[in-house]
Amino acid sequence: MKVKELLDKLSKLDPELQLIFSTDDEDVLNNRELFKLFDVQDISVIEAERTRDAYRKPTLKIGKSEGSVKMAMINISGDF
């Protein structure tokens with residue numbers, strides 16, 4: 001998702017609503033969880049390259065490189 005897409009969706013909501021993230025991604029959950037919640041801690045701009053690790057899991061190579069691009073990073077926490 002691009003920043004403008006997120007802004008468009010958020011602009012339709014009450015700006016006083018609390019923002020939380022959730023996932024039902026099986027790679028993130030343990031066997032007992034139906035979903036997991038996350039709280040927004042910070043938003044920043046980073047330079048990174050999208051890649052996959054040895055297990056084919058998505059990851060980032062953070063820092064300037066030939067394949068890097070600027071990205072908005074939303075830092076989340078599992079505690080709120």
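Starting from 1, each residue takes its place in the sequence as its number. Predicted model only: the values in this text are computed from it and were never measured.
When all heavy atoms are compared, the tightest approach of Asp14 to Glu16 is OD1-N, 2.8 Å. Gly63 and Ser68 get closest at one heavy-atom pair: O-CB, 3.5 Å. Of all non-hydrogen atoms in Met71 and Ala48, the two that sit nearest each other are CE-O, 3.5 Å. Of all non-hydrogen atoms in Leu29 and Leu34, the two that sit nearest each other are CD1-O, 3.6 Å. Smallest separation of non-hydrogen atoms from Gly67 and Glu49: O-CG, 3.6 Å. Heavy-atom minimum distance, Thr59 versus Asp53: CG2-N, 3.9 Å.
The hydrophobic clustering, which links ILVMFWY residues whose side-chain heavy atoms are closer than 4.5 Å, places Ile20 and Leu6 apart. Following chains of ILVMFWY side-chain contacts shorter than 4.5 Å, one can reach Met1 starting from Ile74, so the two form part of one hydrophobic cluster. Hydrophobic clustering (ILVMFWY, side-chain heavy atoms < 4.5 Å, transitive): Ile43 and Leu10 are in one cluster. Hydrophobic clustering (side-chain heavy atoms under 4.5 Å, transitive across Ile, Leu, Val, Met, Phe, Trp, Tyr) keeps Leu37 apart from Leu17. Taken together through direct or relayed side-chain contacts under 4.5 Å among Ile, Leu, Val, Met, Phe, Trp and Tyr, Val45 and Leu7 form parts of separate hydrophobic clusters.
No more than 12 heavy atoms of other residues, nucleotides or ligands lie within 6.0 Å of CD in Glu26, so this atom counts as exposed by the packing criterion.
The only option from Asp25, Asp24, Thr23 that meets the side chain to side chain contact (heavy atoms under 4.5 Å, CB included) definition with Lys36 turns out to be Thr23.
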**Message:** Quick one, Lys4 with Asp8, criterion salt bridge (charged side-chain N to carboxylate O under 4.0 Å, His left out). Give me CA distance, side-chain angles, the key distance, then yes/no.
**Reply:** CA-CA 6 Å; Lys4 69 180 184 176; Asp8 181 56; over 6 Å; no

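Under the 4.5 Å side-chain criterion, counting only non-hydrogen atoms from C-beta, Ile46 is in contact with Leu60. Val28 is listed as a side-chain neighbour of Phe38, based on a closest heavy-atom distance under 4.5 Å. Between Gln18 and Asp39, some side-chain heavy-atom pair lies under the 4.5 Å cut-off.
With rounding to the nearest 0.5 Å, the separation of OG1 in Thr51 from CZ in Arg56 is 8.0 Å.
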